[in-house]
Amino acid sequence: MAKDKPDAIWFKNRLADRQLSQRALARIMKLDVSSINRCLTGERAVSLAEAAAFARHLQVDLHQICRCFNIETAGIEMPKNNNGDTNKD
C-alpha cells in the first residue's frame, strides 16, 4: 500500500496563520529549509520529536500534526492539555 503524502496545504496554511515562512520555521527549529520541504513532499519522515516541535511552533495540537504527516499514534500516550484531556483535535 502506498503511503499517503503529507497534507502540505494544511501545513502551509498553519504557517500563514502564524505569519511564518518555511525558512523562518526551519531557522527556529535549527533545520535546513530543504528538510521541511522533503517532509512536506513525503520524501523524508517526520520524527515524533519533530512533530511535537512543529505543533509547538505552529500552536496546534500534536494530533493535528500527526494526521498531517500520517504519523501513526495508536499505542502512543499523547500529552494532556490543561483540562486533563488528551489532545485529539
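What you see is a predicted model, and the numbers here were worked out from it, not measured in a lab. The first residue in the sequence is number 1, and the count goes up from there.
- With values rounded to the nearest 0.5 angstrom, T73 atom OG1 is found 8.5 Å from R67 atom CZ.
- Note on ring orientation: taking the six-membered ring where Trp is involved, the planes of F54 and F69 are parallel (angle under 30°, cut-offs 30° and 60°).
- Interatomic distance, N37 CG to E43 CD, rounded to the nearest 0.5 Å: 9.0 Å.
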Intermediate values then yes/no, side-chain contact (heavy atoms from CB on, under 4.5 Å), Q22 and L40: CA-CA 10 Å; Q22 286 183 40; L40 291 173; 3.8 Å; yes

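- Between the CZ atom in R23 and the CG atom in L15 there is a gap of 13.0 Å [rounded to 0.5 Å].
- Residues A53 and M29 come closest through the heavy atom pair CB-CE, 3.5 Å.
- With rounding to the nearest 0.5 Å, the separation of NZ in K12 from CG in L20 is 14.5 Å.
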side-chain contact (heavy atoms from CB on, under 4.5 Å) evaluation trace for R18 with L25: CA-CA 10 Å; R18 300 295 309 140; L25 181 61; over 6 Å; no

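- Rounded to the nearest 0.5 Å, atoms NZ (K30) and OG (S35) are 14.5 Å apart.
- Although no hydrogens or angles enter the test, the distance criterion places no donor-acceptor pair under 3.5 Å between the side chain of D61 and the main chain of A55.
- Residue I71 holds its CD1 atom at 7.5 Å from CG of L62, rounded to the nearest 0.5 Å.
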Chi angles and distances behind the side-chain contact (heavy atoms from CB on, under 4.5 Å) call for V46, C66: CA-CA 9 Å; V46 175; C66 288; over 6 Å; no

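- Residues V33 and L31 do not share a hydrophobic cluster, clusters being chains of Ile/Leu/Val/Met/Phe/Trp/Tyr side chains in contact below 4.5 Å.
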